[in-house]
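Have a look at the structure below before the remarks.
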Amino acid sequence: MTWFTVALVATLAVNFSLAVDIVLVSKDVTGPEPCAKICFGESQGTWKQNGHYLFIDSSLADCKFARQPLVSATLVNTGDFSQYSGYVGMEQPGKFRYEMYAPGVSAAKANADHYQINWNAAGYSC
């Protein structure tokens, strides 16, 4: 085989192995399919408090969404947090807020105990 054939086969193999179909099914988040993308991340250490609620603001800037994506988040920490229920509130395409009802837990405790959220976002980059 010539170097051209090897290069062609290697290029095709990389292109086929990186091909990923992403389909977003949402009436509110729409865009052209070639621009669909998924972004994953984690946030911790900046919890704030508002009454019995704790919240953390997270950036989606590195994901480079053109408009508001679909976002879900899960609380992760080392303590017993099963009693807390949280939700995601969108503020703009580049960030979101995770807020949870956690009476008796301070922001200082959440930060000291390294409360963390793992999140994923799906949207469009164009």
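For the single chain, residues carry numbers from 1 onward in sequence order.
Atom CD of E99 and atom CD1 of I56 lie 12.0 Å apart (nearest 0.5 Å). Between the CD atom in Q44 and the CD atom in E42 there is a gap of 6.5 Å [rounded to 0.5 Å].
Residues V105 and Y115 form a side-chain contact, since some pair of their non-hydrogen atoms from C-beta on lies under 4.5 Å apart. Between Y124 and E33, some side-chain heavy-atom pair lies under the 4.5 Å cut-off. Side-chain contact between F96 and I117 is present, with heavy atoms from C-beta onward closer than 4.5 Å.
Panel note: side chain R67, backbone T30; a donor-acceptor pair is recorded below 3.5 Å. Between the side chain of Q49 and the main chain of G51, a donor-acceptor pair closer than 3.5 Å is present. Distance alone, capped at 3.5 Å, is enough to place a donor-acceptor pair between the N111 side chain and the W47 backbone.
If you chain together hydrophobic residues whose side chains sit under 4.5 Å apart, V88 and F55 never meet in one group. Note on Y101 and Y87: separate hydrophobic clusters, where clusters join Ile, Leu, Val, Met, Phe, Trp and Tyr whose side-chain heavy atoms are under 4.5 Å apart, directly or indirectly.
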- prompt: Could you go step by step and tell me if L60 and K95 meet the side chain to side chain contact (heavy atoms under 4.5 Å, CB included) rule?
  reply: CA-CA 5 Å; L60 296 171; K95 70 180 195 176; 5.7 Å; no

query: Can you list the steps and then say if F65 with K37 is a side chain to side chain contact (heavy atoms under 4.5 Å, CB included)?
result: CA-CA 8 Å; F65 290 114; K37 65 189 301 184; 3.5 Å; yes

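Between V29 and G123, the shortest heavy-atom distance links the atoms CG1-CA, 4.3 Å. Closest heavy-atom contact between Y98 and A73: CD1-CB, 3.7 Å. The shortest non-hydrogen separation linking A102 to L54 is CB-CD1, 4.0 Å. In terms of heavy atoms, S43 sits closest to S58 at OG-OG, 2.7 Å.
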